[in-house]
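Structure record follows, encoded as structure tokens.
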Amino acid sequence: MSTTDGAGPLRVLFAGESWIKHTIHMKGFDQFHNTEYEEGAGEFLAALDREGFDVTYVRGHEISSRFPKTIQELDRFDVVVLSDIGSNSFLLPDETFQRSERSANRLALLRDWTRAGGGVVMIGGYLSFTGIDGKARFGMTPLADVLPVRMLDHDDRIEESEGVKADFDEPTHPVLGGTPAEWPPLLGYNRVIAKPDATTIARAGEDPLLVVGQAGEGRSVAFASDLAPHWAPPEFVGWAHYQKLWASILSWAAGGRP
């Protein structure tokens with residue numbers, strides 16, 4: 001069972017990777033609608049479970065009601081992971097968007113918690129970093145202060161349908177946990193820029209793919225590609241070292257916790 005200090009399992013708060021699809025079916029003269037709910041992190045969460053981590057999963061539509069609103073609530077965790085969920089879900093809780101009531105800025109709380117020794121990981125996707133059409137917009141939020149990368153001010157997606165190979169600047173860095181510095185090809189990523197005081201572990205050409213950094217007493221990680229399809233194809237999700245890689249990334253990020 002993986003821990004940061006030997007006292008118990010790593011405590012992970014994972015947010016995002018869920019969506020609702022509303023589809024219009026056109027059949028000649030007629031049409032009908034259907035709605036489906038989906039989650040994309042099944043294998044990722046299963047890997048963390050096999051690793052023995054204590055995971056709390058907050059789905060996209062649950063963020064308003066379940067994502068921590070205080071530092072004390074965040075202190076229940078060692079590392080917070082955000083994946084494919086835009087900043088609006090954190091900045092526009094129901095009490096503010098629907099009732100015009102003041103509420104805590106959850107991304108400012110997450111920034112402060114990280115600086116005090118917490119670990120934060122952002123994983124890429126259409127609504128990570130800047131995101132599709134610039135809609136994720138994390139570069140305009142307090143969380144940008146502690147992430148190890150700077151974000152573009154426009155749509156940051158790089159689509160690589162032919163596959164993109166990761167090259168490694170730091171193949172023995174502990175964030176990789178001894179996993180091979182040879183990943184299966186990825187199919188895209190968010191273009192980000194490593195901050196001067198951050199460490200780029202892996203890149204696609206000149207673009208960073210895995211970047212780590214210190215944030216006060218805490219640590220932060222940016223993984224610019226995906227944990228699931230479509231950018232992470234079956235070869236990556238089914239890779240023999242997939243579980244160990246993510247366990248190592250999250251454990252490294254939590255390493256600043258007392």
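Just the heavy atoms: all of them, side chains too, but no hydrogens, waters or symmetry mates, feed the values below.
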Exercise. Check whether Y126 and F90 end up in the same hydrophobic cluster, where Ile, Leu, Val, Met, Phe, Trp and Tyr are linked by side-chain heavy atoms less than 4.5 Å apart.
Key: no

Quiz item: Which ILVMFWY residues can you reach from F97 by hopping between side chains whose heavy atoms are under 4.5 Å apart?
Solution: L92

Quiz item: Does the side chain of Q214 come within less than 4.5 Å of D197's, by heavy atoms?
Solution: no

Quiz prompt | Exceeds 12 heavy-atom contacts within 6.0 angstrom, atom CZ of R59 | solution = yes

Exercise. May I ask you to test the L209-D207 pair for a side-chain heavy-atom distance under 4.5 Å?
Key: no

Quiz item: Just wondering, are more than 12 heavy atoms of other shown residues or ligands nearer than 6.0 Å to CD in E182?
Solution: no

Self-check item: Distance, nearest 0.5 Å, that separates CZ of R66 from NE2 of H61
Solution: 9.0 Å

Quiz prompt | Full working for side chain to side chain contact (heavy atoms under 4.5 Å, CB included) between F67 and L13 | solution = CA-CA 9 Å; F67 196 86; L13 175 60; 3.7 Å; yes

Quiz item: Which heavy atom of A194 sits nearest a heavy atom of P208, and at what distance?
Solution: N-CG, 3.9 Å

Quiz prompt | For the student: nearest non-hydrogen atoms of A15 and I85, plus distance | solution = O-CG2, 3.8 Å

Quiz item: Has the side chain of N34 got a donor or acceptor atom that lies under 3.5 Å from a matching backbone atom of E36?
Solution: no

Practice problem: Let me see the working for E206 and R191 under salt bridge (Lys or Arg N to Asp or Glu O under 4.0 Å), right down to the final yes or no. | Solution: CA-CA 10 Å; E206 297 302 314; R191 176 170 282 164; over 6 Å; no

Self-check item: R11 backbone acceptor or donor facing D78 side chain under 3.5 Å
Solution: yes

Quiz item: Do other residues, nucleotides or ligands put more than 12 heavy atoms under 6.0 Å from the NZ atom of K195?
Solution: yes

Quiz item: Under 3.5 Å, is there a donor-acceptor pair between the side chain of T130 and the main chain of L152?
Solution: yes

Self-check item: Validation row: I20, T35 side chains within 4.5 angstrom (heavy atoms)
Solution: yes

Exercise. State, yes or no, whether a side-chain contact exists between P68 and R76 at a heavy-atom distance under 4.5 Å.
Key: no

Quiz item: Taking a hydrophobic cluster as the set of Ile, Leu, Val, Met, Phe, Trp and Tyr residues connected by side-chain heavy atoms closer than 4.5 Å, whether directly or through intermediates, do L107 and M151 fall within one such cluster?
Solution: yes

Quiz prompt | L176 side, atom CG; S248 side, atom OG - distance, nearest 0.5 Å | solution = 7.5 Å

Self-check item: Sub-4.5 Å side-chain heavy-atom contact between W239 and P180
Solution: yes

Quiz item: Between CD1 of I249 and CD1 of I123, what distance do you get to the nearest 0.5 Å?
Solution: 7.5 Å

Quiz item: Have H230 and E159 got a donor and an acceptor in their side chains that come within less than 3.5 Å?
Solution: yes

Practice problem: Can you see which heavy atom on T96 is nearest to which on R102, and at what distance? | Solution: OG1-C, 4.2 Å

Quiz prompt | V237 side chain reached by P229 side chain, heavy atoms, under 4.5 Å | solution = yes

Quiz item: With no hydrogens and no angle check, is any side-chain donor or acceptor of R106 less than 3.5 Å from a backbone partner on S89?
Solution: no

Quiz item: Salt bridge check: are K165 and E160 linked by an N-O gap of less than 4.0 Å?
Solution: no

Quiz item: Where is the tightest heavy-atom contact between W231 and G124, given as atom of each residue plus distance?
Solution: CZ3-C, 4.4 Å

Quiz prompt | Short side-chain to backbone donor-acceptor contact, T141 and F138, under 3.5 Å | solution = yes

Quiz item: If every non-hydrogen atom of A232 is compared with every non-hydrogen atom of L227, which pair is closest and at what distance?
Solution: CB-C, 3.9 Å

Self-check item: Atom pair CZ/CG of R137 and L91 - distance to nearest 0.5 Å
Solution: 6.5 Å

Quiz item: What about the rings of F223 and W246, do their centers lie closer together than 6.0 Å?
Solution: yes

Quiz item: Are I71 and I63 grouped together when hydrophobic residues (ILVMFWY) are joined by side-chain heavy atoms under 4.5 angstrom apart?
Solution: yes

Quiz item: Do V81 and L45 share a hydrophobic cluster (ILVMFWY, side-chain heavy atoms under 4.5 Å, transitive)?
Solution: yes

Quiz prompt | Side chain S18, main chain G60, donor-acceptor under 3.5 Å | solution = yes

Practice problem: Using modelled atom types only, decide if a donor and an acceptor are shared between the side chain of N190 and the backbone of F129 within a distance under 3.5 Å. | Solution: no

Practice problem: Give, for atom OG1 of T200 and atom CD1 of I193, the distance between the pair rounded to the nearest 0.5 Å. | Solution: 11.0 Å

Quiz item: Does any non-hydrogen side-chain atom of L110 lie less than 4.5 Å from one of L74?
Solution: yes

Quiz item: When the ring planes of F44 and Y242 are compared, do they come out parallel, tilted or perpendicular, using 30° and 60° as the limits?
Solution: perpendicular

Practice problem: Could you tell me whether the side chain of T114 and the main chain of G218 form a donor-acceptor pair under 3.5 Å? | Solution: no

Self-check item: CA sep, side-chain torsions, deciding dist, call: D145, R115, side chain to side chain contact (heavy atoms under 4.5 Å, CB included)
Solution: CA-CA 10 Å; D145 296 342; R115 284 175 170 165; 3.4 Å; yes

Exercise. Determine the minimum heavy-atom distance between A41 and E17, stating which atoms define it.
Key: CB-CB, 3.8 Å

Quiz prompt | Polar side-chain atom of D169 near backbone of A202 as donor-acceptor pair, under 3.5 Å | solution = no

Exercise. Verify side chain to side chain contact (heavy atoms under 4.5 Å, CB included) between I158 and V164, making sure each step is shown before the conclusion.
Key: CA-CA 10 Å; I158 302 297; V164 61; over 6 Å; no

Practice problem: Could you label the plane-to-plane angle of the F14 and Y57 rings as parallel, tilted or perpendicular, counting under 30° as parallel and over 60° as perpendicular? | Solution: tilted

Quiz item: Side chains of K69 and S103: does their closest heavy-atom pair fall under 4.5 Å?
Solution: no

Quiz item: Does L187 share a hydrophobic cluster with W183, counting links as ILVMFWY side-chain heavy atoms below 4.5 Å and allowing steps through other members?
Solution: no

Quiz item: How far apart are the C-alpha atoms of V221 and L210, what are their side-chain angles, what is the distance that settles it, and do they pass the side chain to side chain contact (heavy atoms under 4.5 Å, CB included) test?
Solution: CA-CA 7 Å; V221 177; L210 177 59; 3.7 Å; yes

Quiz item: In Å and rounded to the nearest 0.5 Å, what is the CG to CZ distance from N105 to R111?
Solution: 7.5 Å

Quiz item: Just by modelled atom types, is the I132 backbone N or O under 3.5 Å from a matching donor or acceptor in the D155 side chain?
Solution: no

